Protein chains: 2
Amino acid sequence: MTTKTEAKASEVPAQAAGAIPVPRLDQQLCFALYSASGLMTRVYRPLLAPLGLTYPQYLVMLALWERAPSIVGDLGEALGLDSATLTPLLKRMEAGGLVTRRRDPADERRVLVEPTAKGQALRGAMKDVQDGLACGVPLRPAEVKALHATLTQLVAGLREATADDRPTKTDGAVSDKDKL
Amino acid sequence: MTTKTEAKASEVPAQAAGAIPVPRLDQQLCFALYSASGLMTRVYRPLLAPLGLTYPQYLVMLALWERAPSIVGDLGEALGLDSATLTPLLKRMEAGGLVTRRRDPADERRVLVEPTAKGQALRGAMKDVQDGLACGVPLRPAEVKALHATLTQLVAGLREATADDRPTKTDGAVSDKDKL
DNA sequence: TCCATTTATATCGTACACGATTATTTAGTA
DNA sequence: TACTAAATAATCGTGTACGATATAAATGGA
């Protein structure tokens, strides 16, 4: 590797060697998303901790309040997480007395997850969580709405994109489109 | 458990007991952010893996390309991470030959972080990463711009909010405003 | 029926992420 | 000077995350 570390300046249009233009942190959409997401969970933390919930666990409860019992795979689909993340997370929630886990008698591969009475009781505390949240978010309702709409569109598109070019990896010869 | 799990219907305006309204997953801004952020790093992963970078490590490189050497605290300020996260992350990057870490001779408390030649060489690969990214993001430039602007505002506000009510926790008696 | 395939979850190893604590160095002050 | 306080990283314990692999149950033919 004698010629790689020192890039030939002649190949860069109008920049001196060593000054190759690089995306700036504060211009990166992904970093804005990364920061915003991290900060939101940081705002949630003190509100959820008294309830014995982490933020991902809170998301699981939201999913279960919408539909219970749910199987692990459906929770993963709803939250964008896989079993490697959900299985230990659900075990912690089970240990905390918030949910129950049991094999589906009709299909022993599946695991049914369901809130306990204690888990159901947490519904009553959600109003306070939402109120606490609203105070920390410095956006007007219209902005929140627009932001949410754009993000929803982005998420839908990304989900499609990431699911597409991942058939099984065994069909080695993909079209010339997999570079995009 | 005779009176708790079954909420008195008279206390809830217009909802049946056990049907306390709870925020829906697909209406939560925080969940949209959480999903979008996770999906973006998922899009980045296959682009960065060949370079020997994870997504947070990529962010560190972006920060270092803007200013090097940087001390750990400044990197943490720029990225919103603390030393508990950065120290092991930087050690891994050092082990990978991407950065160097050394105590500041002028102030032995500080640790100076700097890209190696190998780390600098990665700048040349960033164009491909950005190109690969653009193909995966299903938004028009105007939408990206608006989204980024709103997120930047949100991040700024949240940073302020989370930094504020965390004086030292030792002044136990805070005003009646800390509930907000 | 038998077996390859698919489906569903669990497990393992690695890498963030953070609150709390510790250790070391510097700065400030009596 | 000596001594406290502040600043700075590192460390520890716990909890996500995910790729890769393993295990077991159901399914679909030959």
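These figures come from a predicted structure and were not determined experimentally.
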Separation of D:dA17 atom C1' from B:Tyr44 atom OH, nearest Å, is 19 Å
With respect to the phosphate group of D:dG15, does any side-chain polar atom (N or O) of A:Tyr58 fall under 4.0 Å of OP1 or OP2? no
Which one, D:dA9, D:dC12, C:dT9, comes nearest to the side chain of A:Val111? C:dT9
At under 4.0 Å between heavy atoms, what does A:Ile71 touch on the DNA or RNA strands: base, sugar-phosphate, or nothing? sugar-phosphate
Please determine, for the side chain of A:Glu108, which listed nucleotide (D:dC18, D:dA25, D:dA9) has the closest atom? D:dA25
Grab the CG-P distance between A:Leu59 and D:dA17 for me, whole Å please. 8 Å
Between A:Leu90 and A:Thr41, which has a closest nucleotide on DNA chain C that is more 5'? A:Leu90
D:dA17 phosphate, OP1 or OP2, under 4.0 Å from A:Tyr55 side-chain N/O: no
Answer whether the closest heavy-atom distance between the side chains of A:Leu79 and B:Leu25 falls below 4.5 Å. yes
Looking at every non-hydrogen atom in both residues, tell me the closest pair between A:Pro23 and A:Gln28 and how far apart they are. CB-OE1, 3.2 Å
Please report the distance, rounded to the nearest Å, between CG in A:Leu75 and C1' in C:dA10. 15 Å
Kindly give the heavy-atom pair with the smallest separation between B:Leu89 and B:Pro56, and that separation in Å. CD1-CB, 3.8 Å
Sidechain N-carboxylate O distance under 4.0 Å for A:Arg102, A:Glu114: yes
Testing D:dA25, D:dG19, C:dT9 for proximity to the side chain of A:Arg109, the answer is D:dA25
Check whether any side-chain nitrogen or oxygen of B:Thr87 sits under 4.0 Å from OP1 or OP2 of D:dA10, and answer yes or no. yes
Interatomic distance, B:Asp107 CG vs C:dA27 P [rounded to whole Å]: 6 Å
Closest listed nucleotide, where the reference is the side chain of B:Arg42 and the choices are D:dT11, D:dG19, C:dA27: D:dG19
Can you see if the side chain of B:Arg92 gets near the phosphate of C:dC16 - specifically, an N or O under 4.0 Å from OP1 or OP2? yes
Does B:Glu94 pair with B:Lys91 as a salt bridge, N-O distance under 4.0 Å? no
Phosphate OP1/OP2 of C:dT25: any B:Arg110 side-chain N/O under 4.0 Å: no
Tell me what B:Thr54 touches on the nucleic acid: a base, only sugar-phosphate, or nothing, going by heavy atoms under 4.0 Å. sugar-phosphate
Distance check needed: D:dT16 P versus A:Lys91 NZ, whole Å only. 14 Å
From C-beta outward on B:Arg101, which listed nucleotide comes closest to its side chain: D:dA10, C:dG19, D:dC18? D:dA10
Under 4.0 Å between a side-chain nitrogen and a carboxylate oxygen: does that hold for A:Arg109 and A:Asp104? no
No-H, no-angle donor-acceptor pair, A:Ser83 side chain to C:dA8 base, under 3.5 Å: no
Regarding B:Leu81, tell me which of base, sugar-phosphate or nothing describes its non-hydrogen contacts under 4.0 Å with the strands shown. sugar-phosphate
Where each residue is assigned the nucleotide of DNA chain C containing its nearest heavy atom, which of A:Leu112 and A:Tyr34 is assigned the position nearer the 5′ end? A:Leu112
What's the CG-P distance between B:Leu89 and D:dA17, to the nearest Å? 17 Å
Atom CG of B:Leu48 and atom C1' of C:dC16 are separated, to the nearest Å, by 15 Å
With DNA chain D as reference, determine whether A:Asp104 or A:Thr85 sits nearer its 5' end, using the nearest nucleotide of each. A:Thr85
B:Leu86 CG to D:dA10 C1', in whole Å, measures 12 Å
